[in-house]
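Here's the structure, in structure tokens; my notes come after.
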Amino acid sequence: MKNLIIVVSSLVILLLIISIFQFEKSFDLTPPVQDDMSSPSENRERPKSLQPNIVIDSIGYTLQNNELKITYDNGYDWVTVPVEVEQLFSGEYNGNKTELINNSFILTDKRATFLYIEGGIKLITSLDKGLTWQESMIYPNAPGIRFRKVDFLNEKFGYVIVSGDRTMSQEWSAAFITNDGGKTWRETASPGTTRLIYNGAFVDENTGFLSYGIINPEEPDFYVTTDAGFSWKKATFSISEKYNKIFVTAELPFKEDGHLAVLLNQGPNGDYKGGKVKGKFVSFDQGLSWEFALEVAPNE
């Protein structure tokens, strides 16, 4: 009996020794805890409820939940723009309102700017990625806005072009410029036409263009200012008989090798070579007169 007790006791002691050894060994196999050095965006999941419309790089916006929010990191963090969504689309607009109207806003790492309507045509701007916002009045009336466009050529100079109060093929249109970063605005002179505007832009602080005629145009209706909008003149185009009533709508001019160039498209009803070929014209007098240069194919 005594021998049996000794054997059992020995087995118990042996099992205890083996258990302790295995327990200590398990600690040796556990990898050490490391500090997480990865970037926050790698560890966080983008909020599934908000998906950004990317404008450039990681910068975008969303109109979900009836709010305008902007993001600078692909949608991981959001900043609310203090403006009502309906005010962004006020006027004559036929989009689905899931995306902002083209050219009605600027969203970069240096400027967030949005045109909206609230008792007039206004602009809301942030220069610090949404930390602070500034509002400015561009025009105290808002006659059923159709066309709208805002752009800045540098930190100080910018322009807004709008049209509205449309009746059939006639409407009011105006261009406004700022020289203080958008705090105050000056309405330019009227070009003297009530045709529907197609597009417009300034290429520098003095030279700007307004292109009209979107319903059955037969020739370019194009106006230029060379004195910062204090006056407008109708530009002339030398178009040969071959291209008469073919190249009819002027797009936006651009600077090229010391002169200006512009493309004229065929309007909504063009069928010359499939309707997509454009005519390139050049100007050596700041856009007052234009000479034909060559045909431009769609893939060019």
Side-chain angles (χ1 to χ4, degrees), residues 87-97 99-105 115-117 120-123 138-151 158-177 185-203 207-225 229 231-237 239 243-254 260 262-272 275-279 281 283 287-288 290:
Q87 296 172 345
L88 300 166
F89 300 100
S90 179
E92 183 182 339
Y93 175 72
N94 299 314
N96 57 20
K97 297 185 180 180
E99 295 183 356
L100 292 172
I101 301 172
N102 287 339
N103 299 318
S104 70
F105 69 100
L115 276 173
Y116 70 103
I117 310 299
I121 303 172
K122 293 183 176 181
L123 200 70
I138 299 172
Y139 189 65
N141 301 310
I145 298 303
R146 181 187 66 85
F147 179 89
R148 64 204 80 188
K149 181 178 183 179
V150 58
D151 198 10
Y159 64 89
V160 167
I161 301 172
V162 292
S163 74
D165 200 20
R166 183 167 75 97
T167 303
M168 301 298 289
S169 59
Q170 306 294 314
E171 69 180 2
W172 162 85
S173 62
F176 303 83
I177 62 174
W185 294 84
R186 172 177 63 87
E187 182 178 1
T188 68
S190 171
T193 180
T194 58
R195 298 184 71 184
L196 302 188
I197 193 169
Y198 172 73
N199 211 335
F202 277 76
V203 296
T207 311
F209 299 91
L210 297 173
S211 180
Y212 292 86
I214 62 176
I215 300 178
N216 301 322
E218 294 187 350
E219 63 180 9
D221 195 7
F222 198 50
Y223 294 81
V224 55
T225 178
S231 65
W232 295 88
K233 296 180 181 180
K234 188 172 181 177
T236 60
F237 287 83
I239 302 178
Y243 299 115
N244 184 39
K245 296 184 180 181
I246 292 178
F247 300 135
V248 296
T249 302
E251 299 183 355
L252 297 181
F254 52 93
L260 290 172
V262 69
L263 297 178
L264 266 61
N265 63 49
Q266 299 183 40
N269 305 315
D271 59 4
Y272 174 71
K276 301 299 182 181
V277 172
K278 301 178 182 181
F281 290 74
S283 173
L288 294 172
W290 299 85

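- Qualifying ring pair (Phe, Tyr, Trp, His ring centres under 6.0 Å) partners for Phe247, counting only residues two or more places apart in sequence or in other chains: Tyr243.
- Distance CD1/Ile161 to CG/Leu210: 5.0 Å, rounded to 0.5 Å.
- Listed by chain and residue number, Glu171 satisfy the side-chain hydrogen bond (donor to acceptor under 3.5 Å, both in side chains) test with Ser163 (two or more places apart in sequence, or in another chain).
- Using a 4.5 Å cut-off on side-chain heavy atoms (C-beta onward), Ile117 and Ile145 make contact.
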Inset, instruction - List the steps and the verdict of side-chain contact (heavy atoms from CB on, under 4.5 Å) for Asn216 and Asn269. - result: CA-CA 7 Å; Asn216 301 322; Asn269 305 315; 2.8 Å; yes

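- To the nearest 0.5 Å, atom CZ of residue Arg146 and atom CG of residue Asp165 are 12.0 Å apart.
- In this structure the side chain of Leu115 reaches within 4.5 angstrom of the side chain of Ile138, judged on heavy atoms.
- The structure places OH of Tyr116 at 12.0 Å from CD1 of Ile121, a figure rounded to the nearest 0.5 Å.
- The distance from atom CD of Gln266 to atom CG of Asp271, rounded to the nearest 0.5 Å, is 7.0 Å.
- Between Trp232 and Phe202, the ring planes are perpendicular. Angles over 60° get that label, and only those under 30° would be called parallel.
- By the 4.5 Å heavy-atom criterion applied to side chains, Phe147 and Leu196 are not counted as neighbours.
- In this structure, Pro217 and Pro268 have side chains that are in contact, with non-hydrogen atoms separated by less than 4.5 Å.
- Here the side chains of Phe237 and Glu219 are not in contact, with every heavy-atom distance at 4.5 Å or above.
- Remark: side-chain polar atoms of Arg166 are paired, donor with acceptor, to backbone N or O of Met168 under 3.5 angstrom.
- Here the shortest heavy-atom pairing between Gly287 and Phe209 reads CA-CE2, 3.9 Å.
- For Asn103 and Asp151, the side-chain atoms include no donor-acceptor pair closer than 3.5 Å.
- Around atom NZ of Lys234, more than 12 heavy atoms belonging to other residues, nucleotides or ligands sit under 6.0 Å away.
- To the nearest 0.5 Å, the span separating CG on Asn141 from CH2 on Trp172 amounts to 8.0 Å.
- Residues passing the ring pair (Phe, Tyr, Trp, His ring centres under 6.0 Å) test with Phe105 are Tyr61, sequence neighbours excluded.
- Between the side chain of Thr194 and the main chain of Gln170, no donor-acceptor pair closer than 3.5 Å is present.
- Heavy-atom minimum distance, Ser283 versus Leu288: OG-N, 3.9 Å.
- In this structure, the ring pair (Phe, Tyr, Trp, His ring centres under 6.0 Å) partners of Phe89, at least two apart in sequence or on a different chain, are Tyr93.
- Scanning for side-chain hydrogen bond (donor to acceptor under 3.5 Å, both in side chains) contacts around Glu251 gives Asn265, Lys278, with sequence neighbours left out.
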Inset, instruction - Determine, step by step, whether Asp221 and Tyr198 satisfy the side-chain contact (heavy atoms from CB on, under 4.5 Å) criterion, reporting the C-alpha distance in whole Å, the side-chain angles of both residues, the deciding distance to 0.1 Å, and the verdict. - result: CA-CA 10 Å; Asp221 195 7; Tyr198 172 73; over 6 Å; no

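- Between Asn199 and Lys149 there is a side-chain heavy-atom pair separated by less than 4.5 Å.
- Checking Ile239, Thr236, Thr249 one by one against Pro220, the side chain to side chain contact (heavy atoms under 4.5 Å, CB included) holds for a single residue, Ile239.
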Inset, instruction - Go through the steps for Thr225 and Thr188 under the test side-chain contact (heavy atoms from CB on, under 4.5 Å), then give the verdict. - result: CA-CA 10 Å; Thr225 178; Thr188 68; over 6 Å; no

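- In terms of heavy atoms, Gly158 sits closest to Trp185 at O-CZ3, 3.9 Å.
- For Tyr223, the ring pair (Phe, Tyr, Trp, His ring centres under 6.0 Å) partners at least two apart in sequence or on another chain are Tyr212.
- The backbone N or O of Gly164 sits nowhere less than 3.5 Å from a side-chain atom of Glu92 that would complete a donor-acceptor pair.
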Inset, instruction - Carefully, step by step, assess Trp290 and Val224 under the rule side-chain contact (heavy atoms from CB on, under 4.5 Å). - result: CA-CA 12 Å; Trp290 299 85; Val224 55; over 6 Å; no

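- Taken from OG in Ser173 to CD1 in Ile197, the straight-line distance is 5.0 Å, to the nearest 0.5 Å.
- Side chains of Val162 and Tyr139 form no contact here, defined as non-hydrogen atoms less than 4.5 Å apart.
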